[in-house]
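To start, the structure itself, in structure tokens.
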Amino acid sequence: MKDEERTEEENTPIRFFILGIPYSIKPTDDLTADDIEILVTYVKERIAGYSQKGHDEARIPMLVALDIANELRELQQYYEMPINRAIDKLKFVLESE
């Protein structure tokens, strides 16, 4: 959908607070309002986990960012290994011909 075809509601920024700081994110074709709501909820849950453990509020954003980056790294490793093995097998089969 092109920008000019979007309805006013689809262009309305999603507003939220994290650690008392206001944020606003405008939905796009790739990041819908529902997607933003899911991501905000996820981040708030991660922040709450660190807050409950008594971490300094100033350090929590960095701790959450590192934790999410580690999740991404683990997922990449989990999915890349089978793909790399399959590619190696295909290379072996193709080289054998």
Side-chain angles (χ1 to χ4, degrees):
M1 175 181 348
K2 294 181 182 172
D3 286 333
E4 55 268 11
E5 294 175 359
R6 290 190 154 160
T7 65
E8 185 64 33
E9 185 176 306
E10 291 171 319
N11 284 325
T12 303
I14 305 300
R15 299 182 195 293
F16 56 94
F17 287 82
I18 292 183
L19 296 173
I21 300 170
Y23 294 91
S24 177
I25 299 177
K26 197 172 194 178
T28 66
D29 289 339
D30 296 326
L31 188 66
T32 67
D34 289 340
D35 295 334
I36 294 168
E37 299 277 346
I38 290 167
L39 294 173
V40 168
T41 299
Y42 181 74
V43 169
K44 283 183 174 185
E45 288 171 357
R46 300 303 293 267
I47 288 170
Y50 279 101
S51 293
Q52 290 172 354
K53 292 177 184 175
H55 289 280
D56 177 19
E57 194 173 278
R59 295 178 186 266
I60 290 174
M62 181 55 73
L63 293 171
V64 170
L66 290 171
D67 209 13
I68 292 172
N70 186 51
E71 280 183 10
L72 175 60
R73 183 187 60 80
E74 289 174 353
L75 285 170
Q76 286 173 328
Q77 288 176 338
Y78 178 80
Y79 287 104
E80 285 176 2
M81 270 199 314
I83 291 170
N84 288 337
R85 275 192 230 128
I87 290 169
D88 289 342
K89 286 179 184 178
L90 285 171
K91 285 180 184 177
F92 178 76
V93 170
L94 291 173
E95 290 171 358
S96 299
E97 292 180 0

Self-check item: Heavy-atom neighbours of R59 CZ exceed 12 at 6.0 Å
Solution: no
Quiz item: Donor-acceptor pair, N70 side chain versus D67 backbone, under 3.5 Å?
Solution: no
Quiz prompt | Listed partners of Y42 passing side-chain hydrogen bond (donor to acceptor under 3.5 Å, both in side chains), at least two apart | solution = R46, E71
Interatomic spacing from [atom1] in [X] to [atom2] in [Y] - rounded to 0.5 Å:
| X | Y | atom1 | atom2 | value |
| --- | --- | --- | --- | --- |
| F16 | I36 | CZ | CD1 | 7.5 Å |
| L39 | I14 | CG | CD1 | 11.5 Å |
| I47 | H55 | CD1 | NE2 | 13.0 Å |
| L63 | Y50 | CG | OH | 5.5 Å |

Answer yes if [X] and [Y] sit in the same cluster of Ile, Leu, Val, Met, Phe, Trp and Tyr residues linked by side chain heavy atoms under 4.5 Å apart, and no otherwise.
| X | Y | result |
| --- | --- | --- |
| Y23 | M62 | no |
| I38 | V43 | no |
| V40 | I21 | yes |

Quiz item: Do D56 and I60 touch side chain to side chain, with heavy atoms closer than 4.5 Å?
Solution: no
Quiz item: What heavy-atom pair brings P13 and P27 nearest, and what distance separates the two atoms?
Solution: CA-CD, 4.1 Å
